[in-house]
Amino acid sequence: MIRAAIVAAPIDVAGLLDEVTAECTGATTCFVGTVRDVNDGRAVTGIEYSAYAAMAIEEMTRIGTEARAQFGDVRIVIEHRVGTLGLRDVSVAIAVSHARRAPALDAQRFAIEELKRRVPIWKCEHYVDGDRQWVDPTAIASDAPAVARGGQ
Amino acid sequence: MIRAAIVAAPIDVAGLLDEVTAECTGATTCFVGTVRDVNDGRAVTGIEYSAYAAMAIEEMTRIGTEARAQFGDVRIVIEHRVGTLGLRDVSVAIAVSHARRAPALDAQRFAIEELKRRVPIWKCEHYVDGDRQWVDPTAIASDAPAVARGGQ
Amino acid sequence: MTELQVLLFASYAEAFGASAVTVSVPDRGTVEDVVAALRVLPGGHVLPARPLVSVDRRYAPGAVPVHAGQEVALIPPVAGG
Amino acid sequence: MTELQVLLFASYAEAFGASAVTVSVPDRGTVEDVVAALRVLPGGHVLPARPLVSVDRRYAPGAVPVHAGQEVALIPPVAGG
């Protein structure tokens with residue numbers, strides 16, 4: 001069981017947990033990303049998320065498929081929110097379940113790491129001083145897959 | 001921030017997630033244990049949990065303290081339920097948050113592994129055939145801390 | 001001799017038919033002495049070679065001294081989660 | 001020549017001032033040709049040496065051929081989560 005979505009409304013984390021939990025599962029994990037008040041030393045007031053929704057949904061679904069191939073029969077739901085979020089708002093939630101805890105924990109970590117590495121979603125941070133800036137993780141250290149890079 | 005509890009009522013997982021999430025945190029994780037329909041090949045109808053509540057709370061609090069020493073300034077809440085639970089009911093929930101995801105994920109795994117290894121909680125499984133049995137993980141492989149064993 | 005109350009839980013409570021029993025141990029006795037005294041009670045045959053014991057809510061190795069007034073418990077194999 | 005619409009997002013949409021642009025690439029052109037055509041447009045100076053490109057919603061290396069009717073997008077450095 002895999003489901004992925006890009007949503008504009010607040011994410012119902014408890015609903016996702018309930019969705020993946022079944023009578024045959026014994027361990028459910030959840031990763032929740034929230035908007036933090038400081039990034040790289042600058043005071044943040046909010047984050048504007050945007051996505052290439054059609055591809056993001058496909059890429060998140062592929063991550064779910066890979067997680068099942070690597071960690072066994074996990075049930076996984078990934079939702080990422082877009083739009084303007086305030087401090088403490090949930091930007092992403094990944095719920096994973098399995099009969100046993102190790103695969104659920106492994107798949108949870110795999111899914112958030114892969115999501116951050118390759119799902120086409122962007123964030124523009126808004127700062128206390130009124131400035132705004134698109135976050136570019138590759139400006140620090142490139143961790144995008146080399147094979148996936150186009151251009152010359 | 002550390003809180004641990006043994007509870008008789010259903011665990012409010014969303015409430016725990018909200019409790020640990022703060023403006024200074026960016027990653028919140030949750031581990032949820034639920035009653036599974038099969039254990040060791042036997043069909044389970046429910047599990048009766050009991051605890052040495054006073055010591056369990058202290059031991060879970062110590063696990064939280066150790067997690068903070070090892071993984072940094074995590075916020076952690078652990079609740080374990082006692083009483084008779086049916087399939088899919090939540091037996092334990094561990095919510096952890098941190099500014100960044102790696103410490104939150106590491107502390108989450110540490111906490112559930114330690115809880116299973118040393119917190120004085122017991123479960124009696126009830127089976128479809130009417131039988132019941134106290135679960136003894138040491139009957140398979142002893143993983144209790146040698147130093148902690150009394151007796152001769 | 002010192003009289004100590006020992007808390008019992010789960011499978012041990014069922015085996016001993018009580019949620020606590022009182023045992024006598026030598027003055028300056030240890031956790032090992034508590035276990036030896038429990039072992040000879042009705043139900044004591046279920047105890048493993050080296051059962052877990054807690055003193056004042058912490059696991060205590062066999063050599064730890066026990067005193068009247070401490071909270072002593074015999075801990076069955078734990079199975080939380 | 002083949003005309004292709006290229007989807008733009010986030011910082012790239014702002015740099016090019018549009019959410020999509022149309023470029024002409026040689027017949028039997030590749031992802032590399034698309035990038036070269038984008039680079040000379042107003043705003044194209046913001047592109048890194050090897051920007052990410054997707055074709056039909058999958059990341060595509062520079063040598064991948066592109067055809068009319070495919071869904072091509074220029075992907076800024078991703079920052080989800």
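Just so it is clear, the model here is predicted, and its values are computed rather than measured. Chain A is the first sequence line, chain B the second, and so forth, proteins listed ahead of strands; every chain is numbered from 1. Keep in mind that the numbers below use all heavy atoms, side chains included, and drop hydrogens, waters and symmetry copies.
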CZ of D:R57 to CZ of A:R62: how many Å apart, nearest 0.5 Å? 10.0 Å
Testing the basics here: between A:L115 and D:G81, what is the closest heavy-atom pair and its distance to 0.1 Å? CD2-N, 3.7 Å
How far apart are the C-alpha atoms of D:F9 and A:M55, what are their side-chain angles, what is the distance that settles it, and do they pass the side chain to side chain contact (heavy atoms under 4.5 Å, CB included) test? CA-CA 12 Å; D:F9 299 94; A:M55 179 173 165; over 6 Å; no
A:Y49 to D:A79 - nearest heavy-atom pair and separation: CE2-O, 4.3 Å
Using a cut-off of under 4.5 Å for heavy-atom pairs, which of A:Q133, A:K123, A:R81 has the most such pairs with chain D? A:K123
On a heavy-atom basis, the closest approach of A:P120 and D:V78 is CA-CG1, 3.7 Å
Could you state the interatomic distance from CD1 (D:I75) to CD1 (A:I121), rounded to the nearest 0.5 Å? 11.0 Å
Considering only heavy atoms, which portion of A:E59 lies under 4.5 Å from any heavy atom of chain D: side chain, backbone, both, or neither? side chain
Is there a donor-acceptor pair closer than 3.5 Å between any side-chain N or O of A:Y52 and the backbone N or O of D:L7? no
Should we count CZ of A:R42 as having more than 12 external heavy atoms under 6.0 Å? yes
Region of A:A51 in contact with chain D, defined by heavy-atom distances below 4.5 Å: backbone
Around A:R100, counting heavy atoms of other residues, nucleotides and ligands shown, do more than 12 lie under 6.0 Å from its CZ? no
State the CZ-OG distance between A:R118 and D:S54, to the nearest 0.5 angstrom. 13.5 Å
Bottom line for D:L47: the part with an atom under 4.5 Å from chain A's heavy atoms is neither
Under 4.5 Å from any heavy atom of chain D, what part of A:V135 do you find: side chain, backbone, both or neither? both
